[in-house]
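Notes for the one structure printed next.
What you see below is based on every heavy atom in this structure, not just the backbone, and it leaves out hydrogens, waters and symmetry mates. Being a predicted model, the structure only gives us computed values, none of them experimental.
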Amino acid sequence: MNSWRQLNLLQVAFFSYLATGLCLFMLPWHRDYVGELCLYLSPTCLILAILGQWLFIDIKLMIVVAMASLAYLHQAPVVAIHPPQQQPIEVEATVYSIVRHVDYVQVTLGDLSSVNGGYSDMAYPARLRAISNDIYCELVIGERIRAQGILERKGRWLSLKKLSYSSMSSRRWLPFQELRQLVQQKLSALYSDGELGIAKALILADKSSLDDLLQSGYRNFGLLHLLAVSGMHFWLWNAFLRRLLSYRFHWLRIPLLVLAALLAGFGPAVSRALGFIVVRDLAAMSQRGFSALNLIAVVGIGELLLFENSPFGLGYLLSYTATIAIIVCSDKKNDSSSKATMRCSWAAFFATMPLIHHLQATIEFYSIILSPIFALFTTARLSIVLASMLAPVQSISQWLLASISYIELKIITVCDMLPGTPLLATTKSEWAITVVAIIALLLATPYRLATRRLRVASATTALLCFSYQPTAPIGLSMVNAGHGLGVIINGEQSAIGFDLGSKTLHSKHLVNGVYFKELQRNRWPAPKRFVFSHRDDDHINGMPELKRRLDVTELSHGQTMALSLPPWEIKVFRTRGGLDHTANDMGYALDLRYERRRIIVLGDQDGSALFELVQRIEAGPVDIMFSPHHGLSTDGLAMIIEHLRPSELWVSCAIDNFPLPAQPIADHYGIPLLHTVENPLRYLFSID
């Protein structure tokens, strides 16, 4: 703990960067002038810090300012996207890196040469980040490809969306890719089905073949990091090699760890774990005292210099925040092994809880207990996979891995039936959650809260903060679902949903990263009653994921129905039109009113369906009208605009939908056409 009390310049630099990065992540300040200022502040303050001993300047203060500026520059800015900044492009490029996520693959392309001159006035980048929605794409590092997609500028970044490609050669610029291929073939010969997916995740850091049910359970309980190559896995590798290698061959340990890192793709998480081991060993060889916090600072700054922001961003913040909390809360003198394990799990959970809550408005309390248990399963799995690759024990290893998965699924199934798995905390204040996390960490930190009376007072304060629920505004929100629709109508006590689907977003990301995030921002409860405009995927494909978390009731009815959601007055209309067999024609529409406010919510109706609706719905004016069919249809649009006379038209669409066919009609009537590509629709007000 001495290193925590006596910070050196290295720790000041790293902690100031990490703290500022966390603040910027939680409180996204995105102003162009701030970015320009930080570009000059960072190098200037670093130079002043170096010259500080001659200029009598507080060196630590300069380091803090410099690293804070650098933290801002490493946060990918969120800037409004304008359609003119999009353009199709075709390039020839080499694949530099591949990062696989749940619903997309991020690829870094280098050695670019334009095929069709599509860069125009955009800066020609040294590297280009590309996004592919094909999670099973067979790209390999070093492969030369011809890539097509939509080039977009987002703040300081250029990226290639909707990547499609054709291979030009099978050349690999790093020979370890061949070794990865051989290992993958070996694992495919040894295992099948879910066991193969787990083996590939543990050895090759490839989660694309994981069993969906098991992966979903791990994700819900905050345990998904255990199935990817991370710091824990490398500590296990290191422990195995220390026991396996005799003193004469101990020098092989680091090369073999490097080989394991290469097999796992040498991504940021892998290099971070390897860096901890290498720096620690070098410090031990030098026979100098090197505290754990110094070790973290060296590796953290090294990773900051080696990797750009996009591959590590959130993982960087989560990993180092959890690691620092574990070090600060550890008590090696007084803890038994079981107590130390639970203390580490407690510290890691509460250190990352505010970030997870900020991201997806959920809290996974059960991960405190489940993390140590499932970590033992991971250790056993890794041992079994290694043994099966070295010895002919295929049938035994397959049975053992299947047994572990069976036990895990049983535990997940039981825990999933318990309340709060995970706890959906959209109505909780982020500040209150942060205070709870700080108090919980203090309770676990040795000697910080020594007396029982002080501990009871702190725990009581934490419970009061967690039970605090700020007043939520009444209103309506249309989330940024891309080409899809997700509407939330909040009343005094509850909320109602209208559609939840997307053609461009994965259902898990739509629910966890967009829908819950919007609920959390407005402090609204999750809707448990839903009206669906129609049954197309881009309007309902988020519901299976939502139903895994909530008991949802679908409201079905005849032609017209009134819904109770004080203070709103809601009428639901079922449109028919001339083609009754068409899903769009049979859709529902909402007429929302509160005092003098009025909003019309439409689905994908057009043509005769809109004509039929005009005969039944009261004429305008209205404050807001949703442009039907994502602004892509104009059949009947002019007619309903003339009938309702909206002050604003809103469209839920994706950037690929531009130019919107509805735009000229909106311009003709002098009505602003707004869309969720830039910002979600938020119509909030307080009860008078």
Worksheet item: So is Arg616 actually on top of Phe573's ring, under 6.0 Å and inside 45° of the axis?
Response: no
From [atom1] ([X]) to [atom2] ([Y]), nearest 0.5 Å:
| X | Y | atom1 | atom2 | value |
| --- | --- | --- | --- | --- |
| Leu424 | Leu550 | CG | CG | 6.0 Å |
| Asp499 | Ser533 | CG | OG | 3.5 Å |
| Asp536 | Asp604 | CG | CG | 6.5 Å |
| Phe498 | Leu590 | CZ | CG | 4.5 Å |
| Thr434 | Leu355 | OG1 | CG | 9.0 Å |
| Ile599 | Tyr594 | CD1 | OH | 12.5 Å |

What are the two closest non-hydrogen atoms of [X] and [Y], and how far apart are they?
| X | Y | value |
| --- | --- | --- |
| Gly620 | Arg645 | O-NH2, 2.5 Å |
| Ile600 | Val622 | CG1-CG1, 3.9 Å |
| Val436 | Cys465 | CG2-CB, 3.8 Å |
| Thr676 | Cys653 | OG1-N, 3.5 Å |
| Leu602 | Phe626 | CD1-O, 3.4 Å |
| Leu109 | Ala93 | CB-CB, 3.8 Å |

I'd like to check [X] versus [Y] (side-chain heavy atoms, cut-off strictly below 4.5 Å). Are they in contact?
| X | Y | answer |
| --- | --- | --- |
| Pro646 | Ile641 | yes |
| Ile617 | Leu644 | yes |
| Ile433 | Phe466 | yes |
| Leu563 | Val531 | yes |
| Glu430 | Pro354 | no |
| Asp623 | Glu648 | no |
| Leu546 | Met543 | yes |
| Leu660 | Phe658 | yes |

Using the test side-chain contact (heavy atoms from CB on, under 4.5 Å), find all partners of [X] that sit at least two apart in sequence or belong to another chain.
| X | result |
| --- | --- |
| Pro544 | none |
| Ser164 | Gln148 |
| Ala361 | Thr426, Phe516, Gln520 |
| Phe611 | Gln615, Met639 |

Hey, are [X] and [Y] close enough for a salt bridge, meaning a charged N less than 4.0 Å from a carboxylate O?
| X | Y | result |
| --- | --- | --- |
| Arg548 | Glu545 | yes |
| Asp551 | Lys528 | no |
| Glu618 | Lys571 | no |

Please confirm whether the backbone N or O of [Y] pairs with a side-chain atom of [X], one donor and one acceptor, at under 3.5 Å?
| X | Y | result |
| --- | --- | --- |
| Ser502 | Ala481 | yes |
| Thr504 | His483 | yes |
| Lys547 | Val552 | no |
| His643 | Leu613 | no |
| His357 | Ala425 | yes |
| Arg146 | Glu90 | no |

Worksheet entry | With Leu476, the side-chain contact (heavy atoms from CB on, under 4.5 Å) member among Asn490, Val601, Asn522, Ile488 |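 Only match with Leu476 under side-chain contact (heavy atoms from CB on, under 4.5 Å): Val601.
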Item to complete: Determine the sole option in Leu674, Val651, Ile624 for which the side-chain contact (heavy atoms from CB on, under 4.5 Å) test with Leu681 is passed.
Response: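 Among the candidates, only Ile624 passes.
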Discussion item. Ser429: which residues meet the side chain to side chain donor-acceptor pair (under 3.5 Å) condition with it, sequence neighbours left out?
Written reply: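 In terms of side chain to side chain donor-acceptor pair (under 3.5 Å), with neighbours along the sequence ignored, Ser429 is linked to no residue.
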Practice prompt. Could you list the residues that satisfy side chain to side chain donor-acceptor pair (under 3.5 Å) with Asn512, not counting sequence neighbours?
Written response: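 For Asn512 the side chain to side chain donor-acceptor pair (under 3.5 Å) partners, ignoring immediate neighbours, are Arg549.
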Worksheet item: Centres of the Trp568 and Phe685 rings: under 6.0 Å?
Response: yes
Discussion item. Walk me through whether Ile665 and Ile671 qualify under side chain to side chain contact (heavy atoms under 4.5 Å, CB included).
Written reply: CA-CA 9 Å; Ile665 295 179; Ile671 302 172; over 6 Å; no
Worksheet entry | From CA spacing to verdict: side chain to side chain contact (heavy atoms under 4.5 Å, CB included), Leu684, Trp524 | CA-CA 11 Å; Leu684 310 175; Trp524 289 348; 3.3 Å; yes
Item to complete: Using distance alone, with no hydrogens and no angle criterion, decide if Asp538 and His630 have a side-chain donor and acceptor under 3.5 Å apart.
Response: yes
Discussion item. Surrounding CZ of Arg529 (heavy atoms of other residues, nucleotides or ligands, distance under 6.0 Å), is the total greater than 12?
Written reply: yes
Worksheet item: Just wondering, are more than 12 heavy atoms of other shown residues or ligands nearer than 6.0 Å to NZ in Lys503?
Response: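 No, NZ of Lys503 has 12 or fewer neighbouring heavy atoms, counting only those of other groups under 6.0 Å.
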Discussion item. One pair to check against side chain to side chain contact (heavy atoms under 4.5 Å, CB included): Leu592 and Leu565. What are the steps and the verdict?
Written reply: CA-CA 10 Å; Leu592 311 175; Leu565 187 71; over 6 Å; no
Worksheet item: Would you call the rings of Phe221 and Tyr366 parallel, tilted or perpendicular if under 30° counts as parallel and over 60° as perpendicular?
Response: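 Perpendicular, since the angle between the ring planes exceeds 60°.
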Worksheet item: Can you check side chain to side chain contact (heavy atoms under 4.5 Å, CB included) on His534 and Thr575, steps first, answer last?
Response: CA-CA 10 Å; His534 59 298; Thr575 59; over 6 Å; no
